[in-house]
Amino acid sequence: MDSLLKILEDRLGNDLPFVVYRLPGEDTLVYMAGMVEQLTSHQAVIPPGFLMAPFDSNETSWFMHAEEYRWENLAAPVTPEVSAEMIPRLLRPDDRQQHEQKVSAAVTAIRQGLLKKVVLSRKELTVFEQPLSEVLRTLLNLYPSAFCYWWFHPETKSWMGASPELLLETRGSSFKSVSLAGTQEYLGNLDVKWGDKEREEQQIVTEYIMDQLQPVTRAVSRETASTVRAGRLLHLKTKIKGEMRTEGWQPLVAKLHPTPAVCGYPTEVARKYILEHEGYEREFYTGYLGPVGFEMNPLDHLALFVNLRCMKIDGEQATVFVGGGITADSVPEKEWEEIEAKSSTMMKVLANSVI
Ligand SMILES: C=C(O[C@@H]1C=C(C(=O)O)C=C[C@H]1O)C(=O)O
């Protein structure tokens, strides 16, 4: 592991692109480097490699060809947990107020019938001194059941994250996806009650995914929703699976992204609302990413995750991206607390990394 971390630091220092990732629940860290292309169509993706797609489908996706690769078995997690409060927060006094005002305005728009759900997000800046290889080590230790990654390209800068949300996984002609939404704090117990607001917002996501996939698949089915843990948060999750048609994964991704878990519903109205009201560019946050047809798997295997609980890092500055689903019943104060809890997923990584 140490020799691989050294390679990553060297490549970062020399502005050479790479990506490392670990699939949820696995103990292997995969490293990839090679030519990077910017693509306007996923039909142009030639596996094996790693796909990094932005939230806004009008922007280009990035694809790294797996020309060079290796993997390492990781040791069991060792990092002790400390408080996220140790990280210097660069919150401005009016950040909270501004977000709550945006939530109130969205609730009004929803109650007026303009849309049913919209996901409002923001970015939070922080500074840190730890080497990024140590930050990666902590990320891997803290979130064994998430999709953990570090992507670097001199133009995009570094992105790191621990996503709890699968967008699409395929193996042969079978596929899996999930509907993930609704958030509450994890207080040591998975057997919790969910309010109507959370159930409704997750239901919107599940129904959307089912409706979108039906016309482009041979079969699709879902399980009942259950509670899952992601760090110090709990979410409602419904597993979805089925059989693809011969056209492959591209039509499914085109139908799925952006789901109402990260955008809202109806999709186009919510997307426009976000572009007009959020006041910043999401870039790769709430886009999707992952390996396409890479090693260990046959060429038709892919695993794409929604880019959540992530940060962009440029020098010693980290930008953490967080958002939450707003519906007619949203309470602005609670929505702020929810995104603060979400931001602690990455803040904790920075706080726990040794210099
Ligand atoms: C948008 C985010 O998370 C999404 C929104 C959720 C919610 O609104 O409850 C829950 C999980 C994710 O689908 C984020 O983490 O930034």
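Counting starts at 1 for both ligands and their atoms, following the listed order.
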| Hey, does L180 come in under 3.5 Å of ligand 1, counting only N/O atoms on both sides? | yes
| query | For ligand 1, which part of E198 has a heavy atom less than 4.0 Å away: the side chain, the backbone, both, or neither? | reply | neither
| query | Is the closest heavy atom of V262 to ligand 1 under 4.0 Å? | reply | no
| atom 16 (O) of ligand 1: the protein heavy-atom neighbour that sits closest, reported with distance to 0.1 Å | Y285 OH, 2.6 Å
| task | Would you mind running through ligand 1 and noting each atom that sits below 4.0 Å from a heavy atom of V322? | result | 16 (O)
| Side chain, backbone, both or neither: the part of L308 lying under 4.0 Å from ligand 1 by heavy atom | side chain
| message | Suppose we call two aromatic rings close when their centres sit under 6.0 Å apart. Are F305 and Y288 close by that rule? | response | no
| message | Among all the protein's non-hydrogen atoms, which is closest to atom 11 (C) of ligand 1, and how far away is it? | response | R309 NH2, 3.6 Å
| Are Y285 and F321 near enough that their ring centres are under 6.0 Å apart? | yes
| Quick one: do the R282 and T286 side chains pair a donor with an acceptor below 3.5 Å? | yes
| field | Residues E243 and S174: side-chain donor-acceptor under 3.5 angstrom | value | yes
| message | Checking the N or O distance criterion of under 3.5 Å, is ligand 1 in contact with G182? | response | yes
| Sub-4.0 Å atoms of ligand 1 with respect to non-hydrogen atoms of E338 | 7 (C), 8 (O), 9 (O)
| request: Identify the protein heavy atom lying closest to atom 10 (C) of ligand 1, giving its residue, its atom name and the separation to 0.1 Å. | output: T183 OG1, 3.5 Å
| Side chain proximity check, Y143 to R309, heavy atoms < 4.5 angstrom | no
| query | Of all the non-hydrogen atoms in the protein, which one sits nearest to atom 12 (C) of ligand 1, and at what distance? | reply | E165 OE1, 3.4 Å
| S179 versus Q202, side-chain donor and acceptor atoms under 3.5 Å | yes
| task | Could you label the plane-to-plane angle of the F147 and Y149 rings as parallel, tilted or perpendicular, counting under 30° as parallel and over 60° as perpendicular? | result | parallel
| message | So is E201 touching ligand 1 or not, going by heavy atoms under 4.0 Å? | response | yes
| remark: In this structure, atom 4 (C) of ligand 1 is nearest to the protein heavy atom A261 O, 3.6 Å
| request: Go through Q184 and L233 one step at a time and tell me if the side chain to side chain contact (heavy atoms under 4.5 Å, CB included) criterion holds. | output: CA-CA 6 Å; Q184 61 176 284; L233 300 172; over 6 Å; no
| query | Backbone N or O of Y273 within a donor-acceptor pair of the H277 side chain at under 3.5 Å? | reply | yes
| note | atom 8 (O) of ligand 1 has as its nearest protein heavy atom G325 N, 2.7 Å
| note | Note: F152 and M64 closest approach over all heavy atoms is O-CE, 4.4 Å
| Any residue meeting side chain to side chain contact (heavy atoms under 4.5 Å, CB included) with T60, in chain and number order, not counting sequence neighbours | Q38, T40, W62
| What protein heavy atom is closest to atom 6 (C) of ligand 1, reported as residue, atom name and distance in Å? | K342 NZ, 3.3 Å
| message | Evaluate G324 for polar contact with ligand 1, using N/O atom pairs at a separation under 3.5 Å. | response | no
| query | Which atoms of ligand 1 have any heavy atom of H235 under 4.0 Å away? | reply | 10 (C), 11 (C)
